[in-house]
Protein chains: 2
Amino acid sequence: MLEGMTTRDPRAAGLARLTGLIADETRAACLLALLDGRAWTAGELARHAGVAASTLSEHLGKLVTGGLLAEERQGRHRYVRLADATAAQLVEDLAARVAPGTAVRRPRTLRESTAGSAMARGRTCYDHLAGRLGIVVTDAFTARGLLRRDTGFALTDAGLRWFDTAGIALDRRGRRPLARACLDWTERRPHLAGAAGAALCRHALQARWCVRIGSERAVKVTDTGERALSELLGIEAGVLR
Amino acid sequence: MLEGMTTRDPRAAGLARLTGLIADETRAACLLALLDGRAWTAGELARHAGVAASTLSEHLGKLVTGGLLAEERQGRHRYVRLADATAAQLVEDLAARVAPGTAVRRPRTLRESTAGSAMARGRTCYDHLAGRLGIVVTDAFTARGLLRRDTGFALTDAGLRWFDTAGIALDRRGRRPLARACLDWTERRPHLAGAAGAALCRHALQARWCVRIGSERAVKVTDTGERALSELLGIEAGVLR
DNA sequence: GCGAGACTTCGGCGGGTGCCGAAGTGTCCG
DNA sequence: CGGACACTTCGGCACCCGCCGAAGTCTCGC
């Protein structure tokens, strides 16, 4: 090694280390899968990524050590999930930049096709709503003056009141911004993320405005949900079918 | 290669490719240097990164092919700069996540110390103001009701009027958001980025509210600048010395 | 033109990393 | 308590990638 090279930029080293953590197809596949916001077992991820359990174990070790994943051991299972909202945002942001180039791929089988269009209609993205559903809701917020998007991305006072009257509590402690734009990779437009997006999604699942389909992160709007979205946001019933 | 493995997730492959582009200390150092928003020659970057010209040439090839850098050939020089605002934002966001861990490093020499504190006082971050200067301006915007940060991050109507009366034109075409939060790595708080941040920075340099110091991206507020910031934003003269 | 200078291409070296299967550890359940 | 199961550790293999210096290409200025 060169002796004089003690002045390597520590920021560059850190940046390379962080991105190197994601710069592997298997680890990337895991991170994308974990964007559903739920905890997966190591075995599930190994099958999902198509590698041996031993290989995946090493990958998980790196991701946990690197701070992107958090783990919980339960008996003989090792559950992992994205470490926090900032980790999810990181993966989302990176994935959004990538998606435009790869979104041209067409589904090959009917099963893939229906699964794909279910995902496109509505899904969760970490802890908020995405897909057609996420966009329609975000647009309705904007149209009704609850969300300001022309000069940035922020809830309005009317927006705060809306959450209040809808009975959805907003967690305004912590540094997490209330509203944040998250680029939707099927719609290619931003949808509502941040603490408000998370609160809305949580409430939507709790109140059964929508339910998860299958084991994926796709969701389907229920009849109850259609009524609620129509009443509270003026969203027409047919739009989400 | 395995024949059956045609179903590798293209999104994961793209994500790995993108991050792999940054996951090298030398390339990361280049990207961080280019965050000043200006064009560097290949030779300058090679010296900056401490590698041979031939090595750096290959790195630049990858970064340009990967879409992160744009190049301009002028005679025997090859100038490179960040491809666009989205590329800059990508690097900024990643760097911001990294900074907290590495910011503990203390300057070792007087030269480094003064250069460091000049950077901390004020600098450009791609095309907007950062450092103490960026934070003070952003805080002044918030305090005067020009920028709304409690529910997201957006200019207010008063904010739009401020730009108008200050004679700073805002480019509202294009998809670039007017206001966006960019995490400051010396102050560890968000400062104003986006089209409005860029317009403000451009105006500040044009009207000589601040000038660049040395060849780095540090900037210094002039007397003219102190008067302007005091009049237009109520920023006290002493704060930025 | 012709040399100096900036950049690129090439060959080759060395180290790092992902992959696997086999063996080992810990947990659950009958 | 013993077998099934989930995960981890280990050794070994193959490949990729960054690095350099030498030689090549291109441009500028005299």
Side-chain angles (χ1 to χ4, degrees), chain A residues 1-5 8-9 12-13 15-31 33-34 39-66 68-81, chain B residues 1-5 8-9 12-13 15-31 33-34 39-66 68-81:
Chain A
M1 306 300 158
L2 298 179
E3 284 302 328
M5 289 303 294
R8 291 298 283 249
D9 184 351
L15 182 52
R17 209 174 324 119
L18 173 62
T19 49
L21 222 47
I22 314 176
D24 173 89
E25 193 167 337
T26 302
R27 287 196 293 269
C30 292
L31 291 169
L34 289 163
W40 292 49
T41 69
E44 285 169 337
L45 284 173
R47 251 166 289 136
H48 175 79
V51 296
S54 59
T55 301
L56 201 110
S57 177
E58 290 170 357
H59 286 306
L60 289 187
K62 293 184 186 180
L63 290 170
V64 170
T65 304
L68 288 181
L69 298 189
E71 67 180 0
E72 267 165 79
R73 309 253 175 176
Q74 272 181 31
R76 53 187 165 184
H77 291 283
R78 177 195 206 176
Y79 284 94
V80 292
R81 53 180 169 75
Chain B
M1 303 306 153
L2 299 178
E3 285 300 327
M5 289 303 292
R8 291 297 284 248
D9 184 351
L15 181 53
R17 209 175 323 118
L18 173 62
T19 49
L21 222 45
I22 314 176
D24 172 90
E25 192 166 339
T26 301
R27 287 197 292 270
C30 292
L31 291 168
L34 289 164
W40 291 50
T41 68
E44 285 171 336
L45 285 172
R47 250 166 291 138
H48 175 79
V51 296
S54 59
T55 301
L56 202 110
S57 178
E58 289 170 357
H59 285 306
L60 290 188
K62 293 183 185 181
L63 289 171
V64 170
T65 304
L68 287 181
L69 299 189
E71 68 181 359
E72 267 165 77
R73 310 250 174 178
Q74 273 179 31
R76 53 187 163 185
H77 291 285
R78 177 194 207 178
Y79 283 95
V80 292
R81 54 181 168 71

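In what follows, chains carry the letters A, B, and so on, assigned in the order in which the sequence lines appear, proteins first and then strands, with residues in each chain numbered from 1.
- Checked by atom type and distance alone, the side chain of A:R27 never pairs as donor or acceptor with a backbone atom of B:A16 at under 3.5 Å.
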Between the protein and nucleotides 25-30 of chain C, which nitrogen or oxygen pairs are less than 3.5 angstrom apart?
none

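- Rounded to an integer number of Å, the gap from A:L21 CG to C:dG16 P is 18 Å.
- When each of B:L34, B:V80, B:L31 is checked for a side chain to side chain contact (heavy atoms under 4.5 Å, CB included) with B:L63, only B:L31 meets the rule.
- When every heavy atom of B:L45 is checked against every heavy atom of B:A33, the shortest pair comes out as CD2-CB, 4.3 Å.
- Partners of B:E72 according to the side chain to side chain donor-acceptor pair (under 3.5 Å) rule, which considers only residues two or more places apart in sequence or in another chain, are B:R81.
- Taking atom CG on B:L45 and atom P on C:dT8, their separation rounds to 11 Å, with Å as the unit.
- Take A:H48 and apply the side chain to side chain donor-acceptor pair (under 3.5 Å) test, not counting sequence neighbours, and it matches no residue.
- Residue order along DNA chain C, read from the 5' end via each residue's closest nucleotide, puts B:G43 first among A:A23 and B:G43.
- Rounding to whole angstrom units, CD1 of residue B:I22 and P of D:dG18 are separated by 13 Å.
- We find that OH of B:Y79 is positioned 11 Å from P of C:dA6, with the value rounded to whole Å.
- Between B:K62 and the phosphate of D:dC17, there is no side-chain N or O to OP1/OP2 separation shorter than 4.0 Å.
- The shortest side-chain heavy-atom distance between A:E71 and A:L60 does not fall under the 4.5 Å cut-off.
- C:dC7 atom P lies 14 Å from atom CG of B:L69, rounded to whole Å.
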TODO: Let me have a per-nucleotide readout for nucleotides 8-14 of chain D, 5' to 3', with B, S or -, counting only protein heavy atoms under 4.0 Å.
DONE: BBB----
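- The CZ atom of A:R47 sits 13 Å away from the P atom of D:dC5 (whole-angstrom rounding).
- Taking side-chain N and O atoms only, A:T26 has no distance below 4.0 Å to OP1 or OP2 of C:dG18.
- Distance CG/A:D24 to NZ/A:K62: 7.5 Å, rounded to 0.5 Å.
- Straight-line distance from the CD atom of A:E72 to the P atom of D:dA6: 19 Å, rounded to whole Å.
- In this structure, A:A28 and B:L15 approach most closely via the heavy-atom pair CB-CD2, 4.0 Å.
- The two residues A:D9 and B:E25 make their nearest non-hydrogen contact at O-OE2, 4.1 Å.
- Applying the side-chain contact (heavy atoms from CB on, under 4.5 Å) test to A:A53 and every residue at least two apart in sequence or in another chain returns nothing.
- Rounded to 10 degrees, the angle separating the terminal helix axes of the helix from C:dG1-D:dC30 to C:dG30-D:dC1, each built from five base pairs, is 30°.
- Contact annotation: B:H77 does not reach the phosphate of D:dC28 (side-chain N/O to OP1 or OP2, under 4.0 Å).
- Of all heavy-atom pairs spanning A:L56 and A:A42, the tightest one is CD2-O, 3.5 Å.
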